[in-house]
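Down below is the structure, laid out as structure tokens.
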Number of protein chains: 2
Amino acid sequence: MKNKKIPKATAKRLSLYYRYLNILHEDGKTRVSSSELSEAVKVDSATIRRDFSYFGALGKRGYGYDVEELMNFFSHILNQDHLTHVALIGVGNLGHALLNFNFRKNNNIRISAGFDIKEELIDTVYHGVPIYSVDDMVEQLNIQSIDVAILTVPADIAQETANKLVEGGIKGILNFTSMRLSVPKEVRVHDVDLTNELQTLIYFINYYKDIEDLNKANEE
Amino acid sequence: MKNKKIPKATAKRLSLYYRYLNILHEDGKTRVSSSELSEAVKVDSATIRRDFSYFGALGKRGYGYDVEELMNFFSHILNQDHLTHVALIGVGNLGHALLNFNFRKNNNIRISAGFDIKEELIDTVYHGVPIYSVDDMVEQLNIQSIDVAILTVPADIAQETANKLVEGGIKGILNFTSMRLSVPKEVRVHDVDLTNELQTLIYFINYYKDIEDLNKANEE
DNA sequence: ACTTAATTGTTAAAAACAAAACAAGTATCA
DNA sequence: TGATACTTGTTTTGTTTTTAACAATTAAGT
């Protein structure tokens, strides 16, 4: 297996490309150019071509890319043929929403276990997902050989819960808590920081307003 | 008002810094060094100092930063003294969770209106937030002078809904849909792509596994 | 067959970002 | 007060990412 180094920035766009290729395929399109795709995914066409080229010559000059071929290629790259079992830690408001969320539209991802401390949740089944006690978490993670966890617990127990996840042999954590986690370097953490996203958006809006004001002021 | 250009990457970290400064302050800490903060927020200490320095000399050599002073400074930068009204478009599973989410812990953000098409939701109040019909959205956005929207509608109506938001004078959209939106350049969109986040995490996990295998293979 | 228009893959340049290194300044303590 | 240890702010260096530009190639039409 060829193993050129794929830049992080490129890797983060692969899933997006794959999704839009699926849409094009469903719409019956057979070919697509980098500039067409660029309009859809809002990524510069040169960046798209560059991204694709890390995986070899996938298109044809003067023609573009074959939608189905490219889709199948990315399907493989993104492990669509292998089912990844995911655990949901903390079945509160957000956890609940994520259980119901369309991850299953991607048939390579399945939330196969939930964990919580609330007695009334333990040993129940939500949306087809059994909920266990956090006390049994390390054990269950091992038994079910789960290696990805979605963390949606309160901030004050985020780190200790992460420690247990590591103990349970987890390889990746999608961290929705407001805390930054300390984990061994072989465990990968992706932060989804909703408060930060919203605050940053607001900052940018105000910042750009200032810039516009400044531009007006500079017309002297 | 001084208006040096703040790099995008720096801007995205400001809210995180602010949050941790608050935690330190609550814990009664009066001073903090860049290396201490670095451990907490998982950002290189040099990057922290560089980030801070865009706003001037905020610390003291040989001492560090005064927690309260720095916190107040960022509070101002992040518009904590000004209430931003936010609309939630689409009160489904995820929307529901976000209504209940702790944005109100930040006293500068308030979700002040929800919009949906489901008759049973319209004219009700969830968690203190009134839900309106999407038909009245443009009107209400104007009346309530809301300029930020959280978009949690199904993919197939994402773009048309975004168009209405633009019509309603929205300045920023936090986009939870799986679609990339076309909006005028003065409107800012931040994408929170949950499927992408999870897929990317899985990709990285497998990718690094490959790298390790490769390293072993290369021991020849 | 030839011409024209289209589009890739890649090279080169630019921009953005991160990290290392260190001089300048400050605190602390004997 | 002087010496030592510490920590910032900034300069320099290195890395990553984006974008522009264009030669090479293909498709399609005449």
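All chains are named by letter (A, B, ...) in the order of the sequence lines, taking the proteins before the strands, and each is independently numbered beginning at 1.
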query: When Tyr17(A) is tested against each of Phe55(A), Phe73(A), Tyr65(A), Phe52(A) for ring-ring contact (aromatic ring centres under 6.0 Å, His included), which residue passes?
result: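 In the set Phe55(A), Phe73(A), Tyr65(A), Phe52(A), the residue that makes a ring-ring contact (aromatic ring centres under 6.0 Å, His included) with Tyr17(A) is Phe52(A).
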Whole angstrom is fine here: how far is it from [atom1] in [X] over to [atom2] in [N]?
| X | N | atom1 | atom2 | value |
| --- | --- | --- | --- | --- |
| Asp51(B) | dA18(C) | CG | P | 8 Å |
| Asp66(B) | dA27(C) | CG | P | 12 Å |
| Lys60(A) | dT8(C) | NZ | P | 12 Å |
| Leu58(A) | dT10(C) | CG | P | 10 Å |
| Phe52(A) | dG9(C) | CZ | C1' | 13 Å |
| Arg50(A) | dT11(C) | CZ | P | 9 Å |
| Arg61(B) | dG25(C) | CZ | C1' | 6 Å |

task: For residues Thr152(A) and Gly95(A), report the shortest heavy-atom separation together with the two atoms involved.
output: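 Closest approach of Thr152(A) to Gly95(A), heavy atoms only: OG1-CA, 3.8 Å.
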message: What's Ala9(A) touching, base or sugar-phosphate or nothing? Going by heavy atoms closer than 4.0 Å.
response: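 Result for Ala9(A) = sugar-phosphate.
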task: Would you indicate what Tyr65(B) reaches in the nucleic acid, counting non-hydrogen atoms under 4.0 angstrom: base, sugar-phosphate, or nothing?
output: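 Sugar-phosphate only.
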query: In residues 12-34 of chain B, which ones come under 4.0 Å of DNA chain C, going by heavy atoms?
result: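 DNA chain C contact set from residues 12-34 of chain B: Arg13(B), Arg31(B).
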- request: Report yes or no: is the cationic atom of Arg50(B) (NZ for Lys, CZ for Arg) under 6.0 Å from the centre of the six-membered ring of Tyr54(B), at an angle within 45° of the ring normal?
  value: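 The answer is yes; both the distance and angle limits are met.
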task: Run through Arg13(B), Lys12(B), Lys8(B) and flag the one making a salt bridge (Lys or Arg N to Asp or Glu O under 4.0 Å) with Asp51(B).
output: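 The salt bridge (Lys or Arg N to Asp or Glu O under 4.0 Å) with Asp51(B) is passed solely by Arg13(B) among Arg13(B), Lys12(B), Lys8(B).
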message: Going by side-chain contact (heavy atoms from CB on, under 4.5 Å), name the residues that satisfy it together with Ser33(A), two or more places apart in sequence or in a different chain.
response: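 Listed in chain order: Ser35(A), Glu36(A).
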message: Can you identify which nucleotide, out of dA12(C), dA19(C), dG9(C), has its nearest atom closest to the Asp44(B) side chain?
response: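 Closest nucleotide to the Asp44(B) side chain: dA19(C).
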- request: Please indicate whether Glu39(A) has more than 12 foreign heavy atoms, meaning atoms of other residues, nucleotides or ligands, lying under 6.0 Å from its CD.
  value: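 Counting other residues, nucleotides and ligands, CD of Glu39(A) stays at 12 neighbours or fewer.
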- request: Go through the steps to decide whether Leu58(A) and Glu69(A) satisfy the test side-chain contact (heavy atoms from CB on, under 4.5 Å), and finish with yes or no.
  value: CA-CA 9 Å; Leu58(A) 305 177; Glu69(A) 201 181 299; over 6 Å; no
field: Any side-chain donor near an acceptor of the partner, Gln199(B) and Asn79(A), under 3.5 Å
entry: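 No pair is found: no donor N or O on one side chain lies under 3.5 Å from an acceptor on the other.
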task: Let me know, please, whether Gly59(A) or Thr10(B) comes out on the 5' side of the other along DNA chain C by nearest nucleotide.
output: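 Looking at the nearest nucleotide for each, Gly59(A) comes out on the 5' side.
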field: Any donor-acceptor N/O pair, Asn175(A) side chain to His190(A) backbone, under 3.5 Å
entry: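 No: the side chain of Asn175(A) does not pair with the backbone of His190(A).
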Range on DNA chain D touched by chain B, heavy atoms, distance below 4.0 Å: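 So the outermost contacting nucleotides come out as dC6(D) to dT12(D).
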